[in-house]
Amino acid sequence: MTNVIDGKALATKIKENVKAEVEKIKGIKPTLACIIVEGNKASEVYVASKKKACESVGMNSIIARLPEDVSEEELFQTIDKLNADDTISAILLQLPLPKQLDDVKATNRISPSKDVDCLTYENLGALFSARGTIAPCTATGIIKILESENIDIAGKNAVVIGRSLLVGKSVANLLEQKNATVTICHSKTQNLKNICQQADILVVAIGKTKFVTKEFVKEGAVVIDVGINRTEDGLMGDVDFDDVKDKCSYITPVPGGVGPLTVACLLENTLILYNQQTKKD
Ligand code: NAP
């Protein structure tokens, strides 16, 4: 029987734990600053939901809003100001940025101590050296999903389709740290279906609606669908859920799978950064 993983329920548990920790904090509560450069509808939705999530656990949040034609210099001034502000615990630069800006360069302007999505070179270096204190929120959420279902990772064949730093490479690294044998696939991968058919755990993060069908999936595999695609029929994943679901042992739906975990782990990461900044030696 296939288990459809309830990401919302797991995210609620994580948020309850964060809320309980935040309640214990006396004085200024952890604060997340989201920087949004206007012009991307999906980014507006994500930032609004992150702000709401902060409020739901008693954290503060601010949104730094910049116009679509903002220059690199102006963006960097905003990031520098937030870096220097002691009341800000964590900074999230909502990606993607408009064409005139460089996502990687801008992300690296964030102070590593406030880099809540773990995308600065310093934090990625720590992550890839297995010394990180946080990891990118979505990748962390995927591991939490697997662990919450007691799914064995060690020794399993994990295939990750997608190699972005934000998702593919990060989750592949976390899976490898948990002793999976990991294959990363991308748009130039040959024999993709054959490789995916070897996967005990298949993570799909490509941004292509219903790309993965049952021909990609080994009987009894765990399928984690990271994709969020906005279509006329609503939000859709990268996996053709109806086609695949009877073939796998576990599957995450879209919506209600990985997405809620990303937000919950963002709150958890904000709390971790706050604790690191306020820790008395
Ligand atoms: P991205 O930066 O655009 O990366 C997409 C990756 O998919 C690239 O590595 C690309 O390969 C690969 N790819 C594209 N077409 C492919 C194909 N036909 N076969 C094999 N690989 C292919 O995207 P991302 O930021 O990783 O996000 C991926 C998806 O996850 C999107 O739908 C995004 O909205 C969603 N997402 C969801 C959450 C969540 O919370 N659920 C969080 C973040 C992202 P190349 O490198 O060769 O181009």
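As the structure lists them, so they are numbered: ligands from 1, and atoms in each ligand from 1.
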- Quick one: look up the protein heavy atom nearest atom 21 (N) of ligand 1 and list residue, atom name and how far away it is. His186 C, 3.1 Å

- Task: Establish, from distance only, whether the side-chain atoms of Gln277 and Lys114 form a donor-acceptor pair under 3.5 Å.
- Result: no

- Message: Evaluate Leu192 for polar contact with ligand 1, using N/O atom pairs at a separation under 3.5 Å.
- Response: no

- Task: Would you mind checking if Lys24 and Glu21 are paired as a salt bridge, meaning a charged N to carboxylate O distance below 4.0 Å?
- Result: yes

- Message: Could you identify the single nearest non-hydrogen protein atom to atom 40 (O) of ligand 1 and state the distance to 0.1 Å?
- Response: Thr262 OG1, 2.6 Å

- Query: Do you see a donor-acceptor pair shorter than 3.5 Å between the side chains of Asp238 and Asn229?
  - Reply: yes

- Purely on distance, is any nitrogen or oxygen of Cys185 under 3.5 Å from one on ligand 1? no

- Message: What I want to check is whether the side chains of Asn40 and Glu44 have a donor and an acceptor closer together than 3.5 Å.
- Response: no

- Note on the structure: shortest atom 46 (O) of ligand 1-to-protein heavy-atom contact is with Arg163 NE, 2.7 Å

- Task: Consider every N or O of Lys208 and every N or O of ligand 1, then say whether any pair is closer than 3.5 Å.
- Result: yes

- If you measure from each heavy atom of Val226 to ligand 1, is any distance below 4.0 Å? yes

- Does Gly168 reach ligand 1, in the sense of a heavy atom lying below 4.0 Å from it? no

- Query: Going by the order shown, which atoms of ligand 1 are within less than 4.0 Å of some heavy atom of Thr138?
  - Reply: 40 (O), 42 (C), 43 (C)

- Any non-hydrogen protein atom less than 4.0 Å away from atom 3 (O) of ligand 1: no

- Query: What are the atoms of ligand 1, with element, lying closer than 4.0 Å to any heavy atom of Val167?
  - Reply: 26 (O), 43 (C), 44 (C)

- Message: Can you confirm whether the side chains of Asp233 and Thr231 place a donor and an acceptor under 3.5 Å from each other?
- Response: no

- Donor-acceptor side-chain pairing of Asp115 and Thr120 below 3.5 angstrom: yes

- Find all atoms of ligand 1 within a distance of less than 4.0 Å from any non-hydrogen atom belonging to Ile161, and give their numbers and elements. 20 (C), 21 (N)

- Task: Could you tell me whether Asp243 and Lys214 make a salt bridge, using a distance below 4.0 angstrom between a side-chain N and a carboxylate O?
- Result: yes

- With sequence neighbours left out, which residue pairs that include part of residues 143-177 fulfil the ring pair (Phe, Tyr, Trp, His ring centres under 6.0 Å) condition? none

- Message: Considering both backbone and side-chain atoms of Tyr46, is one of its nitrogen or oxygen atoms within less than 3.5 Å of a nitrogen or oxygen in ligand 1?
- Response: no

- Task: Evaluate side chain to side chain donor-acceptor pair (under 3.5 Å) for Thr138 paired with Thr262, printing each intermediate quantity in order.
- Result: CA-CA 5 Å; Thr138 305; Thr262 298; 3.0 Å; yes

- Query: Do Tyr250 and Ile151 have side chains that get closer than 4.5 Å, going by heavy atoms?
  - Reply: yes

- Task: Distance to 0.1 Å, residue and atom name: give those for the protein heavy atom nearest to atom 13 (N) of ligand 1.
- Result: Ile206 CG2, 3.6 Å

- Task: Please work out whether any backbone atom (N, CA, C, O) or any side-chain heavy atom from C-beta onward of Ile228 is under 4.0 Å from ligand 1, and answer side chain, backbone, both or neither.
- Result: both

- Message: Is there a path of hydrophobic side-chain contacts, each under 4.5 Å between heavy atoms, that joins Ile153 and Ile145?
- Response: yes

- Pick from Ser187, Ser164, Ser170, Pro96: the one approaching atom 23 (O) of ligand 1 most closely through a non-hydrogen atom: Ser164

- Item | Selected option - heavy-atom contact closest to atom 28 (C) of ligand 1, from Cys196, Gly141, Ala205 | Ala205

- Does Glu55 come within less than 4.0 Å of Lys50, counting only side-chain N to carboxylate O? no

- Could you pull out, from Ala139, Gly207, Gly259, the option with a heavy atom nearest to atom 31 (C) of ligand 1? Gly207

- Message: To check your reading of the model: name the closest protein heavy atom to atom 17 (C) of ligand 1, its residue, and the distance in Å.
- Response: Phe211 CZ, 4.0 Å

